[in-house]
Amino acid sequence: MSAPFYLTTPIYYVNAAPHLGHAYTTIVADAMARYRRLAGDRVWLLTGTDEHGDKIAQAATRAGLPPQALADRNSSAFRETWRRLGITNDDYIRTTEPRHARVVQAVLQGLRDAGEIYLGKYGGHYCFGCERFYTEKEIVDGRCPDHQTPLTWIEEENYFFRMSKYQGWLIEYLEAHPDLIRPERYRNEILGFLREPLQDLSISRPRSRLEWGIPLPFDERFVTYVWFDALLNYVSALGWPDDERFRTFWPHAQHLIAKDILKPHAIYWPCMLKAAGLDVFRRLNVHGYWNVGGGKMSKSVGNVVEALALTDKYGNDAFRYFVMREMTFGLDADFTEEAFVGRLNADLANDLGNLVSRATTLLAGARDGEATVGPPEEEDTAVHRAAVTARAAADEAMADFAFQRALAAIWEFIGAVNRYVDATQPWALARDPARRPRLGRVLCTLADALGWLGIVLDPFLPEAAGRIRAAVGVTAPPRLADAVMGRLDRVPAVARLSGLFPRIEDAARTAGKAARAARPARAAADTPDAPAAPIAIEDFQRVDLRVAEVLAAEAVPKSRKLLRLTVSLGDEQRTVVAGIAEHYAPADLVGKKVVVVANLQPATLMGITSQGMILAGSADTKTAVLALDRDLPAGAKVR
RNA sequence: GGCGGUGUAGCUCAGCGGCAGAGCAGGGGUCUCAUAAGCCCCGUGUCGGAGGUUCAAUUCCUCCCACCGCCA
């Protein structure tokens, strides 16, 4: 029941600062680790930094620093970022650590002794940026197709890993383990790649051109190729070969990567493990790219979003929620601040935050008399069932790394609870002493639902989930096994929790909001006992009132109240939608001269753009359109 | 050039032989516990285009177009 679960992020290359892509991988790994811990698994979450290779050496030279100093600085930047994002990694490995170098050398020596590594010769066009050779066909005008920089012809001796001999084995292994690489599109991509002959892998670089790496144990003239070095972090961090941690966790290893490093993980790495006599990892989970403003996220292109700036602005939980909810795991997604704010307002503020606020207010407000808790009714058990359904769906989604589906399932439940509040109307129950037991039960169900959310949301929104648990008085560490509704039989003491996720209001939204707010205000002003505040004549003159002749009128389909009018303002015709269908038949209006607001901002009602407003008075259920008591031409000014 | 993917409502996407769906945005209504939130109602869109198979195609096949990925 306490299953080991080993999850790794890639180790990040320290030639650049952390960005959205790094943050997504790490956040998603953290959420998965938290979920499995919540489920009671023994979890080991590993992240770290990749610090060797040409690019680090070059970046260090540019920065006027020794490579180790640059690596120290940038590795700290990653570590600090994860700390601020609240990442719960259990270890943080750096490839410049002795514990790692020792393992790399041991593996190399073992492969060398087993005849898996041989000295060969290679010549080709080399790109220092890519740290790879290019074939003639790939070269564009003598330049690197990636960097557009001139290539260097290099001919050198190097050590090669006999990867080609594992091609057949790897294909069979992939056939026998359909879940090894997921989602399936990436498995297919690798199978496609394996239809072509696999080359041996150069695993060394001569020290004559690169000092910054782990020396080959059997030939001091060479350092280890950075990928061969880096991939081994996944076992070196567990203390291969003898550490108990390695024996416990390696059989349950799951890797999490972005699609740009699919090939090393899906091809080199299994072959390396096989050759070294180690088990292949359990699963490779591959996600897509974040596009920002149409461009791609990448380590070497500058178009990136600074992750920390966004989390500072909107909070860690909101950021976590957005990236996990917005991206379909495996596919690319777009990052825009509008989408971010949209999710924050719709899902976090309106649905979740408001539910917590209304429920805790009800619970905190009605404390006396809830000692009597009636039996659960159908409405209550329906909520219990919704919780069961949501957890089952979330479990299934999480087993598949489908974070977006897990969150959608939880939000289904949040919707069900919001509907439950509306249906049971606890505020109405509170007015009727005879219904005390029912009120007690409703409050109980609400507290129960909040408790459930405080647990299930924990992996995704750790801060908010903690606050919800605190509000309902839960102090014990959350466990998924306790996320079961229907066991609560008295109303707990609950503290009011409002403003969990405040809405973000931008200028456009504020304007829309003001327009909506104006409606009830106007209605209030209509009633004689609520006179409007005095305004200056200039204020009134801003309203352009005109005489208009109604040329045509028709009912708006599917609308009870709306009429679509075509009016003449003299030299201009306009469409005006008026909410008077309950008071006037279309035919009664045609030919009438009425008064319209001519400079009203156009509004779309039932898909029709209304370019103005007909003036009408109303009292109780009566409505009368303003007409002229003697004739004036259409378009005449009214004041 | 080869292989593969995608193209569905204003936006993001689900569906993948049997009357076109969800969320968001927008519109209408309603409640008042709540963060002007909630809840209810409202979508005829050439399902990229053209052919074909079928009683029936958004769904299967062929070709074409656009974009994307992997490989060369």
Side-chain angles (χ1 to χ4, degrees), chain A residues 134-139 145 183-197 259-260 262-263 266 286 288-289 291 294 296 325-328 330-334 336 338-339 341-366 404-405 407-408 411-412 414-431 439 442-443 446 496-505 508-510 512-521 556-562 577 579 581 603-610:
Chain A
Y134 278 96
T135 63
E136 296 287 350
K137 284 180 186 166
E138 290 174 290
I139 298 170
E184 198 174 13
R185 60 202 301 130
Y186 298 109
R187 173 176 188 267
N188 292 339
E189 203 168 291
I190 290 302
L191 284 170
F193 181 79
L194 286 171
R195 281 197 284 269
E196 303 297 321
K259 64 183 183 180
D260 57 334
L262 174 62
K263 213 203 294 182
V286 188
Y289 286 141
N291 294 316
K296 285 188 180 59
R325 183 65 185 81
E326 188 75 3
M327 176 175 266
T328 298
L331 303 180
D332 292 357
D334 286 314
T336 66
E338 296 95 293
V341 170
R343 288 264 180 222
L344 178 47
N345 283 341
D347 298 355
L348 294 178
N350 293 357
D351 292 345
L352 174 61
N354 183 54
L355 172 63
V356 170
S357 179
R358 69 198 303 209
T360 56
T361 300
L362 287 163
L363 280 156
Q404 74 289 346
R405 275 199 280 127
L407 287 169
W411 255 254
E412 279 295 321
I414 291 170
V417 180
N418 266 322
R419 286 188 288 278
Y420 170 81
V421 177
D422 284 288
T424 54
Q425 303 189 29
W427 55 90
L429 295 175
R431 291 189 216 111
L439 175 60
V442 168
L443 293 177
L446 283 180
R496 181 151 196 257
L497 175 53
S498 193
L500 191 61
F501 291 102
R503 286 178 59 86
I504 307 297
E505 306 289 355
R509 279 177 179 281
T510 308
K513 202 176 94 177
R516 257 170 274 147
R519 245 178 298 164
V556 173
K558 290 181 189 165
S559 168
R560 203 172 77 231
K561 292 186 149 190
L562 299 181
V577 178
T604 304
L605 299 125
M606 298 296 281
I608 302 163
T609 302
S610 179

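Order of the sequence lines fixes the chain letters, A, B, ..., with proteins taken first and strands second; residue numbering starts at 1 for each chain.
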Peer 1: Can you confirm whether D332(A) sits close enough to K259(A) that some side-chain heavy atom of one is under 4.5 Å from a side-chain heavy atom of the other?
Peer 2: yes
Peer 1: When you get a sec, tell me which of C71(B), U35(B), G69(B) is the closest nucleotide to the side chain of E189(A)?
Peer 2: G69(B)
Peer 1: Considering only atom C1', compute the distance from U30(B) to G15(B) and round it to an integer number of Å.
Peer 2: 33 Å
Peer 1: The criterion is salt bridge (Lys or Arg N to Asp or Glu O under 4.0 Å); which residues satisfy it with D347(A), sequence neighbours excluded?
Peer 2: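 In terms of salt bridge (Lys or Arg N to Asp or Glu O under 4.0 Å), with neighbours along the sequence ignored, D347(A) is linked to R343(A).
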Peer 1: Which of these nucleotides, A37(B), A34(B), G38(B), is closest to any side-chain atom of T361(A)?
Peer 2: A34(B)
Peer 1: How far does the P atom of G26(B) sit from the matching atom of U54(B), given to the nearest Å?
Peer 2: 48 Å
Peer 1: Is N345(A) reaching over with its side chain to a backbone N or O of I504(A), donor-acceptor style, under 3.5 angstrom?
Peer 2: yes
Peer 1: Of the non-hydrogen atoms in T360(A) and L497(A), which two are nearest, and what is the gap between them?
Peer 2: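 Minimum heavy-atom separation between T360(A) and L497(A): OG1-N, 2.9 Å.
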Peer 1: Quick one: L344(A) CG to G23(B) P, roughly how many Å, whole number?
Peer 2: 20 Å
Peer 1: Classify S357(A) by what it touches in the nucleic acid, base, sugar-phosphate, or nothing, heavy-atom distance under 4.0 Å.
Peer 2: base
Peer 1: With sequence neighbours excluded, tell me which residues meet salt bridge (Lys or Arg N to Asp or Glu O under 4.0 Å) with E189(A).
Peer 2: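 Counting only residues at least two positions away or on another chain, E189(A) forms no salt bridge (Lys or Arg N to Asp or Glu O under 4.0 Å).
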Peer 1: I need the CZ-C1' distance between F193(A) and C70(B), as an integer number of Å.
Peer 2: 9 Å
Peer 1: Does Y186(A) use its side chain to pair, donor to acceptor, with the backbone of G330(A) at less than 3.5 Å?
Peer 2: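 Between the backbone of G330(A) and the side chain of Y186(A) there is a qualifying donor-acceptor contact (under 3.5 Å).
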Peer 1: Can you tell me how far C1' of A34(B) sits from CG of D351(A), to the nearest Å?
Peer 2: 13 Å
Peer 1: Listed by chain and number, what are the side-chain contact (heavy atoms from CB on, under 4.5 Å) partners of S357(A), not counting sequence neighbours?
Peer 2: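 Once residues adjacent in sequence are excluded, the partners of S357(A) under the side-chain contact (heavy atoms from CB on, under 4.5 Å) criterion are T361(A), R496(A), S498(A).
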Peer 1: Go through the structure and list residues passing salt bridge (Lys or Arg N to Asp or Glu O under 4.0 Å) with R325(A), not counting sequence neighbours.
Peer 2: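 Expected list: none.
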Peer 1: Ignoring the backbone of W427(A), work out which of C24(B), C31(B), U35(B) is nearest its side chain.
Peer 2: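 The answer is C31(B), which lies nearest to the side chain.
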Peer 1: Between C39(B), C71(B), A34(B), which nucleotide has the shortest distance from any of its atoms to the side chain of K263(A)?
Peer 2: C71(B)
Peer 1: Which string of ( ) [ ] | and . matches RNA chain B, if you list each base 5' to 3' and count Watson-Crick or G-U pairs only when both distances are under 3.5 Å?
Peer 2: ((((((((.[[[[.)..(..]]]].(((((.......))))).....[[[[[..)....]]]]]))))))).
Peer 1: Atom CG of L348(A) to atom P of G23(B): distance rounded to whole Å?
Peer 2: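 It works out to 18 Å between those atoms.
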Peer 1: Which whole number of Å gives the distance between the P atom of G48(B) and that of C42(B)?
Peer 2: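 The same atom, P, in both gives a distance of 26 Å.
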Peer 1: Enumerate the residue pairs fulfilling salt bridge (Lys or Arg N to Asp or Glu O under 4.0 Å) with a member in residues 419-431 of chain A, sequence neighbours excluded, ordered by first and then second residue.
Peer 2: R358(A)-D422(A)
Peer 1: Contact class for G353(A) vs. all strands (heavy atom < 4.0 Å): base, sugar-phosphate, or nothing?
Peer 2: base
Peer 1: Can you tell me, in whole Å, how much space there is between the C1' of C13(B) and that of C70(B)?
Peer 2: 24 Å
Peer 1: Counting distance alone, no hydrogens or angles: does the base of A37(B) have a donor or acceptor under 3.5 Å from a partner atom on the side chain of N350(A)?
Peer 2: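 Not at all, since no donor on one side and acceptor on the other fall under 3.5 Å apart.
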Peer 1: What's R496(A) touching, base or sugar-phosphate or nothing? Going by heavy atoms closer than 4.0 Å.
Peer 2: sugar-phosphate
Peer 1: Distance check needed: G38(B) P versus N345(A) CG, whole Å only.
Peer 2: 10 Å
Peer 1: For G499(A) and for E412(A), find the nucleotide of RNA chain B with the closest heavy atom, then tell me which residue's nucleotide is more 5'.
Peer 2: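 Nearest nucleotide further toward 5': that of E412(A).
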Peer 1: Of all the nucleotides listed (C40(B), U35(B), A34(B)), which has the minimum atom distance to the side chain of F501(A)?
Peer 2: U35(B)
Peer 1: Among C39(B), C71(B), C33(B), which nucleotide has an atom closest to any side-chain atom of E196(A)?
Peer 2: C71(B)
Peer 1: Kindly write out the residues that satisfy side-chain contact (heavy atoms from CB on, under 4.5 Å) with A430(A), not counting sequence neighbours, or none if the list is empty.
Peer 2: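 Applying side-chain contact (heavy atoms from CB on, under 4.5 Å) to A430(A) gives L439(A).
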Peer 1: For nucleotides G51(B) and A72(B), find the distance between their C1' atoms and express it as a whole number of Å.
Peer 2: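 So the two C1' atoms sit 33 Å from each other.
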Peer 1: Which nucleotide wins on minimum distance to the side chain of N418(A), given the candidates C33(B), G38(B), A34(B)?
Peer 2: G38(B)
Peer 1: Identify, between L352(A) and A346(A), the residue whose nearest nucleotide on RNA chain B lies closer to the 5' end.
Peer 2: A346(A)
Peer 1: Measure CG/L262(A) against P/C68(B) and give the value in whole Å, please.
Peer 2: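 Rounding to the nearest Å, CG of L262(A) and P of C68(B) are 20 Å apart.
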Peer 1: Without decimals, in angstroms, what is the distance between Y289(A) OH and G69(B) C1'?
Peer 2: 10 Å
Peer 1: What's the gap between G1(B) and C60(B) when it is taken at their P atoms, as a whole Å value?
Peer 2: 26 Å
Peer 1: Donor-acceptor check, side chain of T328(A) to backbone of L331(A), threshold 3.5 angstrom: yes or no?
Peer 2: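 A pair under 3.5 Å: no.
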Peer 1: Quick one: label L500(A) by what it contacts on the DNA or RNA (base, sugar-phosphate, nothing), any heavy atom closer than 4.0 Å.
Peer 2: base
Peer 1: Using atom CE of M327(A) as one end and atom P of G23(B) as the other, report the distance to the nearest whole Å.
Peer 2: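 Those two atoms, CE and P, are 24 Å apart.
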Peer 1: Can you find a side chain N or O atom of R419(A) that sits less than 4.0 Å from OP1 or OP2 on G38(B)?
Peer 2: no
Peer 1: Which pairs, protein N/O on one side and nucleotides 4-15 of chain B N/O on the other, fall under 3.5 Å?
Peer 2:
| unit_1 | atom_1 | unit_2 | atom_2 | d |
| --- | --- | --- | --- | --- |
| G5(B) | O2' | R185(A) | NH2 | 3.4 |

Peer 1: Say we look at G69(B) and G10(B): how far apart would their C1' atoms be, to the nearest angstrom?
Peer 2: 28 Å
Peer 1: Base, sugar-phosphate, or nothing: which does D347(A) touch, judged by heavy atoms less than 4.0 Å apart?
Peer 2: nothing
Peer 1: Would you please name every residue forming a side-chain contact (heavy atoms from CB on, under 4.5 Å) with Q425(A), sequence neighbours left out?
Peer 2: W427(A), A428(A)
Peer 1: Say you pick atom P in A14(B) and the same atom in U6(B); how far apart are they, in whole Å?
Peer 2: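 Between the two P atoms, the distance is 9 Å.
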